[in-house]
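For reference, the structure discussed in these notes is given below.
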Protein chains: 2
Amino acid sequence: MNQTAAALDDDVIELGEMAGSLGFLLRIAQVQVFDEFYAALSVHGMKPGEFTVLWVIHLNPGLRQGTIARALHIKPAHMTKLVARLADAGYISRIIPTDDRRSVRLMLTSTGKAFVRKNRDDLINFHKAERSRLDDDEFEQFAALLRKFTGIAEARP
Amino acid sequence: MNQTAAALDDDVIELGEMAGSLGFLLRIAQVQVFDEFYAALSVHGMKPGEFTVLWVIHLNPGLRQGTIARALHIKPAHMTKLVARLADAGYISRIIPTDDRRSVRLMLTSTGKAFVRKNRDDLINFHKAERSRLDDDEFEQFAALLRKFTGIAEARP
DNA sequence: GGGAAATAGTTTCCACGTAAACTAATTTTT
DNA sequence: AAAAATTAGTTTACGTGGAAACTATTTCCC
């Protein structure tokens with residue numbers, strides 16, 4: 001048990017300035033939240049990105065898939081596959097408008113609507129569970145700083 | 001140019017409760033920081049994870065690679081490849097101690113030491129660049145909340 | 001109006017990271 | 001002390017997401 005040198009002192013790691021690096025801290029935080037998401041919601045066989053897209057379509061029916069991709073920082077190539085998965089699963093329908101047949105507009109199917117309605121609470125509860133080490137005030141402050149940092153507007157009430 | 005319906009109003013997206021989701025906000029924030037990292041440091045052909053590992057070895061010479069992997073939430077399989085890349089590049093050396101020949105302890109080579117010394121400032125400057133939309137107070141508050149959220153201790157002065 | 005440029009999405013191919021199975025070394029059990 | 005269990009790291013096989021090239025459609029401009 002007693003180590004011979006400081007260099008061999010496992011489990012205690014000096015991070016130095018790294019502990020002030022947002023990139024590093026954000027990555028760790030995201031991994032943790034991701035794990036929580038899977039623990040809470042993967043029952044439905046859905047991944048975070050897919051759920052997010054479904055949610056955005058729910059709130060913004062008829063939007064172009066490219067617009068959604070840009071807003072969520074999903075690359076077009078990936079968006080194509082993600083949309084295909086959601087369409088194959090029967091949650092969304094791809095609509096090609098006649099006035100611009102290059103674009104694809106997305107709508108929830110009735111199955112998709114039912115899914116969102118049914119799992120809305122799981123989503124909300126998941127958000128609450130995320131708070132883990134923070135109290136309510138800290139949580140709100142944290143979310144506000146994240147929104148400011150990312151330049152994302154707060155939800156309109 | 002004038003859209004016909006609200007549903008077609010591209011570029012304005014309603015996120016609803018999603019704007020309060022840490023998972024969502026963390027992902028966006030991380031993507032942004034990641035992009036900044038590449039813009040600032042990819043000249044050296046090094047990725048964020050690699051740079052972080054190099055930095056941790058610099059501060060904790062002789063640590064086991066598994067210990068570092070756990071601390072940085074890097075999976076063992078990935079750590080093997082990452083360490084191989086850094087070793088191939090000549091930045092670190094893998095040392096198999098005689099008292100436990102299963103383990104691998106990592107040290108910086110002189111090349112690695114020189115690299116860290118030379119790029120330390122880029123790293124620090126990068127951290128400053130990260131602050132973009134936040135002032136100094138907000139930045140510190142943000143980092144503190146991230147540390148609390150992730151359970152990571154602040155750097156010892 | 002017809003070719004050039006721009007735009008939307010898709011396809012192909014590749015890199016990164018992971019889970020699962022595996023090898024090697026060490027410790028525990030009996 | 002041999003067998004079983006544990007631990008450290010590696011290898012293999014695969015899935016996800018991304019860059020670049022491609023197709024289809026629309027807009028620009030001469």
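Atom set for the values below is all heavy atoms of this structure, side chains included, hydrogens, waters and symmetry mates excluded. In the text below, chain A, chain B and the rest are named by the order of the sequence lines, each starting its count at 1.
For DNA chain C, the contact window with chain B, defined by any atom under 4.0 Å from a protein heavy atom, covers C:dC16 to C:dT26 in 5' to 3' order.
Within residues 72-90 of chain B, the residues having any heavy atom closer than 4.0 Å to DNA chain D are, in order of number, B:P76, B:A77, B:T80, B:K81.
For A:R85, the salt bridge (charged side-chain N to carboxylate O under 4.0 Å, His left out) partners two or more places apart in sequence, or in a different chain, are A:E50. Residues forming a salt bridge (charged side-chain N to carboxylate O under 4.0 Å, His left out) with A:K148 (at least two apart in sequence, or on another chain): B:E138. B:D100 is linked by a salt bridge (charged side-chain N to carboxylate O under 4.0 Å, His left out) to B:R64, B:R102, counting only residues two or more places apart in sequence or in another chain. Applying the side chain to side chain contact (heavy atoms under 4.5 Å, CB included) test to B:A114 and every residue at least two apart in sequence or in another chain returns B:R117. Taking the side chain to side chain contact (heavy atoms under 4.5 Å, CB included) definition, one finds that B:A144 meets it with B:R147, sequence neighbours left out.
Between the side chain of B:S93 and the backbone N or O of B:T109, no donor-acceptor pair lies under 3.5 Å. Within the 3.5 Å criterion, the main-chain N or O of B:L63 finds no donor-acceptor partner in the side chain of B:T67.
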Identify every side-chain donor-acceptor pair in residues 71-83 of chain B under 3.5 Å, counting partners at least two apart or on other chains, and give the distances.
| residue | atom | partner | partner atom | Å |
| --- | --- | --- | --- | --- |
| B:T80 | OG1 | B:P76 | O | 3.3 |

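Residue pairs meeting the ring-ring contact (aromatic ring centres under 6.0 Å, His included) criterion with at least one partner in residues 99-119 of chain B, sequence neighbours excluded, are B:H44-B:F115, B:Y91-B:F115.
Remark on DNA chain C: of its neighbouring residues A:R27 and A:R94, the 5'-side contact belongs to A:R94, judged by nearest-heavy-atom nucleotide.
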So which protein N/O to nucleotides 21-25 of chain D N/O distances come out below 3.5 Å?
| residue | atom | partner | partner atom | Å |
| --- | --- | --- | --- | --- |
| D:dT25 | OP1 | A:R101 | NH2 | 2.8 |

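When hydrophobic side chains of Ile, Leu, Val, Met, Phe, Trp and Tyr are connected at separations under 4.5 Å, B:I95 ends up clustered with B:M107.
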